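Here's the structure we're looking at; comments come further down.
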Amino acid sequence: MIRACLLYGGFGLFSLFSFCSGYEPGLRSIENLKSFVVTMAGILPPAFLLVGLFNAWVKREVVERHLGENAGFLAYFWAILLAGTMVGGLFVAFPLCHVLRKKGASLAVIFTFLSASAICRVPMTIFEASFLGLKFTIIRYAVSIPLIILSSRIMASWLGEGFVISDGKK
Amino acid sequence: MFALWMASIILFMVSLFFDRGRSMQAVRNAWDLFLKILPMFLAVLVLTSLSLGFVSEKFLTDILVGKGLFVGTAIAAMAGSVAAIPGFVAFPLAGILAARGVPYTVLGAFTTTLMMVGVVTFPLEKGYLGTRVALVRNLAGFATAIIVSMVIGVFFGEVL
């Protein structure tokens, strides 16, 4: 927080100096910041509203109930959906893996869930599509989901089903 | 951008129609999230403004793709692996860089490794999976990110 304030203050002074002396890189920086703020003001409100709507309407528990019930490929589907709707990133994902494993979810499904919790989270996806375009997001999903399922299955067969996910306390 | 506004406004109206309280909760949630991310967000905006003020766009694209797209992609993938920036900050930054001519291939490598490979979170992961498995998982993530960025490159006409 203090560092951030120092940065803003420093930039303020630097801008003032550049403005008075006509220092070229400084003036360019000010122009950049102006254009960035305008861009962000155009994209951030709807993007954050979508994220808020998503968080308010989709409850993780609903998805969680389905995981483990279905064998076969549907389990991957629910694992990815659970990962996508999860808030909190890895700090929530790892403890959840430990729990899911104890409840009997297969290793490949758990690794899929873990990777998907990194790349398929819906709030992140909303931001990605907003700033880099829907085409970028669609390609990324289409390529990465098969790859994470594949690598999860390979890792699961390499480790064998006896592999234990610890509770993180060492 | 127009589509984004339309989508969020329409969905918000639908949400209002079904459940007023929950819609207000969504707005509050969005606002809280925004406030939480704002200090870091502004800091990144200021730093980016400064960097791009001192460094010309030509220099930026030279560094990232001057030695070939693959070198740029490799640099971006390594940067994404060690960096720990939340997506709420990283994607706007990527958007700015895209507008300045940085190829989508490079940005794809950066954002995907940022999400999939965690050098900083490695100790946490090690605690649950053990060093060996955590290492393999992160390497697989790195490989996935490279493949993803190459396919993005093909579709955006930057590779081949």
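Numbered from 1 within each chain, the chains take letters A, B, ... in sequence-line order. Please read all numbers here as calculations on a predicted model, not as lab measurements.
Most heavy-atom pairs under 4.5 Å with chain A, from the set R22(B), M115(B), Q25(B): that is R22(B). For chain A, the option among P92(B), G87(B), A43(B), A7(B) with the highest count of heavy-atom pairs below 4.5 Å is P92(B). When each of G10(A), S152(A), P46(A) is checked for heavy-atom pairs under 4.5 Å with chain B, P46(A) comes out on top. Chain B forms the most heavy-atom pairs under 4.5 Å with one residue out of A56(A), A142(A), G26(A), S29(A), and that residue is S29(A). Chain B forms more heavy-atom pairs under 4.5 Å with one residue of A129(A), G133(A), P95(A) than with any other, namely P95(A). The choice from L134(A), I139(A), I165(A) that makes the most heavy-atom pairs within less than 4.5 Å of chain B is I139(A).
The shortest heavy-atom contact between R28(A) and F54(B) is NH2-O, 4.3 Å. Across V51(A) and N29(B), no two heavy atoms sit closer than the pair O-OD1, 4.5 Å. For S151(A) against A140(B), the heavy-atom pair with the smallest separation is CB-CB, 4.3 Å. Contact between S8(B) and L53(A) at its shortest, heavy atoms only, is O-CD1, 4.3 Å. For the residue pair Y8(A) and L38(B), the shortest heavy atom distance occurs at OH-O, 4.3 Å. In plain terms, the two heavy atoms of F34(B) and F48(A) that are nearest each other are CD1-CE1, 3.6 Å.
Contact check for L52(B) versus F36(A): side-chain heavy atoms found under the 4.5 Å cut-off. The shortest distance between side-chain heavy atoms of L93(B) and F131(A) does not fall below 4.5 Å. Between F163(A) and V133(B), the closest side-chain pair of non-hydrogen atoms falls below 4.5 Å. For the pair L50(A) and F12(B), the minimum side-chain heavy-atom distance is 4.5 Å or more. Between M116(B) and I148(A), some side-chain heavy-atom pair lies under the 4.5 Å cut-off. When side chains are defined from C-beta on, P86(B) does not count as touching M124(A), because their heavy atoms never get closer than 4.5 Å. Under the 4.5 Å side-chain criterion, counting only non-hydrogen atoms from C-beta, N32(A) is in contact with R100(B). For the pair L159(A)/R132(B), a side-chain contact is recorded, criterion being any heavy-atom separation below 4.5 Å from C-beta on.
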Practice item. Take V143(A) and T144(B), measure what side-chain contact (heavy atoms from CB on, under 4.5 Å) needs, and give me the verdict at the end. Key: CA-CA 9 Å; V143(A) 179; T144(B) 304; over 6 Å; no
**Study point:** Check against side-chain contact (heavy atoms from CB on, under 4.5 Å), V164(A) and Y128(B)
**Key:** CA-CA 9 Å; V164(A) 180; Y128(B) 288 93; over 6 Å; no
Exercise for review: Assess whether side-chain contact (heavy atoms from CB on, under 4.5 Å) is satisfied between L11(B) and L49(A), documenting all intermediate values.
Suggested key: CA-CA 9 Å; L11(B) 283 174; L49(A) 183 59; over 6 Å; no
Practice item. Step by step, work out the side-chain contact (heavy atoms from CB on, under 4.5 Å) result for L132(A) and L107(B). Key: CA-CA 9 Å; L132(A) 293 171; L107(B) 295 174; 4.1 Å; yes
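In this structure, CZ on F14(A) lies 6.0 Å from CG on L50(B), to the nearest 0.5 angstrom. The CZ atom of F88(B) sits 5.5 Å away from the CZ atom of F127(A) when rounded to the nearest 0.5 Å. Here L129(B) contributes atom CG and S166(A) contributes atom OG; the two are 8.0 Å apart, rounded to the nearest 0.5 Å.
Looking at R28(B), neither its backbone nor its side chain comes within 4.5 Å of chain A, counting heavy atoms on both sides. The contact between T111(B) and chain A is made entirely by side chain atoms (from C-beta outward), counting heavy-atom distances below 4.5 Å. Of the two parts of L44(A), only the side chain, counted from C-beta on, holds a non-hydrogen atom closer than 4.5 Å to a non-hydrogen atom of chain B. In this structure, chain A has heavy atoms under 4.5 Å from both the backbone and the side chain of A94(B). At a 4.5 Å heavy-atom cutoff, the contact between F41(B) and chain A is made by side-chain atoms alone. Both the backbone and the side chain of W57(A) come within less than 4.5 Å of a heavy atom in chain B. Looking at F54(A), there are no atoms closer than 4.5 Å to chain B (heavy atoms on both sides), in backbone or side chain. Using a 4.5 Å cut-off between heavy atoms, Y23(A) contacts chain B through its side chain alone, with no backbone atom that close. In this structure, the portions of L42(B) lying under 4.5 Å from any heavy atom of chain A include both its backbone and its side chain.
Residue M13(B) places its CE atom among 12 or fewer non-hydrogen atoms of other residues, nucleotides or ligands, all under 6.0 Å distant. Within a 6.0 Å radius of CH2 in W31(B), no more than 12 heavy atoms belonging to other residues, nucleotides or ligands are found. Around atom CZ of F122(B), more than 12 heavy atoms belonging to other residues, nucleotides or ligands sit under 6.0 Å away.
With a 6.0 Å cutoff to the six-membered ring centre and a 45° limit on the axis angle, K135(A) does not count as a cation-pi contact of F155(B).
The backbone N or O of I30(A) sits nowhere less than 3.5 Å from a side-chain atom of S49(B) that would complete a donor-acceptor pair. W5(B) places a side-chain N or O within 3.5 Å of a backbone atom of G42(A) that can act as its donor or acceptor partner.
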